[in-house]
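Notes for the one structure printed next.
Small disclaimer: the values here were computed from a predicted structure and weren't measured. Indexing begins at 1, ligand by ligand and atom by atom, following the structure's order.
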Amino acid sequence: MNNKRQIIQVRDATTLAQAAAQRLIARLEANGGRAAVCLTGGAGPQPLYRLLASDTYRSRIPWQHVHWFIGDERFVPSDDPRNNMAVARALFLDACAPPDNIHPIPVQAGTTRDAARRYEIALQTFYGSNRLDPARPLFDLVLMGLGPDGHTASLFPGDAALDERERWVVSVARASVEPQVPRVTLTLPALASCREMLFLVSGENKRDILARVLSGESLPAARVRSRGDTVWLADAAALPEIRDDA
Ligand code: 6PG
């Protein structure tokens, strides 16, 4: 496991989306074959999602070869505006990606546990094994956000999901932030199985929690690491000063 993280400061939310798009494209180019990207929810990635559908970036993505997953989901119908994959679909996937390459968490399953089990099987089928091989990452890129309480994906401080070592996907009964609906989330080992984990952190309202993460507090967002590269992209409002204690 590579425990280091790289911190990159950019000017603002627009530059952050551009830098993220460049990194995504670089990972797809490095793969050259069938690639997998794990998306994230929340407001943070939305400028990036819009950008990927724009003329400049759309033509640079080999859509037929890229598969799109999601790191966590709110257990609401697939057309609910709070549904993370619904947002990604509306902003870029439906316009750009072949439908078979879009892999939502099945919120139509009866329970969050069923949905978690089914998504785990979908990931294992895609990967071709139910054991993660450190030499063969599940994802090329995993996008992550930072919640106000230090959560990431739907891994909330103090929740048992954080200690899961075997399962790839679990259900989370209660979210400690809005929307307070049950969730389904990938676990630390599944998220870690990537060539690059890319956190997107933008805006002044992230400044305090980002400082806590970077100061070493044991928050979920600080605990999750890629087996490959872990990169934090933050804008100047969220990270006024670059720290050297990463
Ligand atoms: C979710 C997310 C969650 C999100 C953070 C940051 O489903 O809510 O995946 O982990 O990334 O809460 O969200 P914002 O970008 O909206 O601040």
Any atoms of ligand 1 less than 4.0 Å from a non-hydrogen atom of [X]? List them with their elements.
X	result
T40	9 (O), 11 (O)
G145	11 (O)
L146	6 (C)
T152	10 (O)

| said: Is the distance from the ring center of W68 to that of Y49 below 6.0 Å? | reply: no
Shortest protein heavy-atom distance from [atom], along with the residue and atom involved:
atom	result
atom 13 (O) of ligand 1	G42 CA, 3.8 Å
atom 12 (O) of ligand 1	H151 NE2, 2.8 Å
atom 15 (O) of ligand 1	G44 N, 2.8 Å
atom 16 (O) of ligand 1	A43 N, 2.7 Å

Can you find a side-chain donor-acceptor pair between [X] and [Y] that sits under 3.5 Å?
X	Y	value
S226	D229	no
D72	S154	yes
D149	S176	yes
N84	R74	yes

| message | On a heavy-atom basis, which atom in F126 and which in A35 lie closest, and how many Å separate them? | response | CZ-O, 4.4 Å
| Which heavy atom of P157 sits nearest a heavy atom of P220, and at what distance? | N-CG, 3.6 Å
Taking distance alone, with N or O pairs closer than 3.5 Å, would you say [X] contacts ligand 1?
X	result
P45	no
G41	yes
A153	yes
N84	yes
R74	yes

| Contact partition for P148 relative to ligand 1, non-hydrogen atoms under 4.0 Å |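 Looking at P148 and ligand 1, no heavy atom falls under 4.0 Å.
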Looking at [Y] and [X], is any side-chain nitrogen of the basic one under 4.0 Å from a carboxylate oxygen of the acidic one?
X	Y	result
R223	D163	yes
E73	R183	no
R27	D140	no

| Are any of the heavy atoms in R183 under 4.0 Å away from ligand 1? | yes
| query | Quick one: does K206 get a heavy atom under 4.0 Å from ligand 1? | reply |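 K206: in contact with ligand 1 (<4.0 Å).
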| said: If you take the nearest heavy atom of each of D72, L39, N205, which one is closest to atom 7 (O) of ligand 1? | reply: D72
| task | Show the numbers, then the answer: is there a salt bridge (charged side-chain N to carboxylate O under 4.0 Å, His left out) between R117 and E120? | result | CA-CA 5 Å; R117 187 73 203 124; E120 183 167 272; 2.3 Å; yes
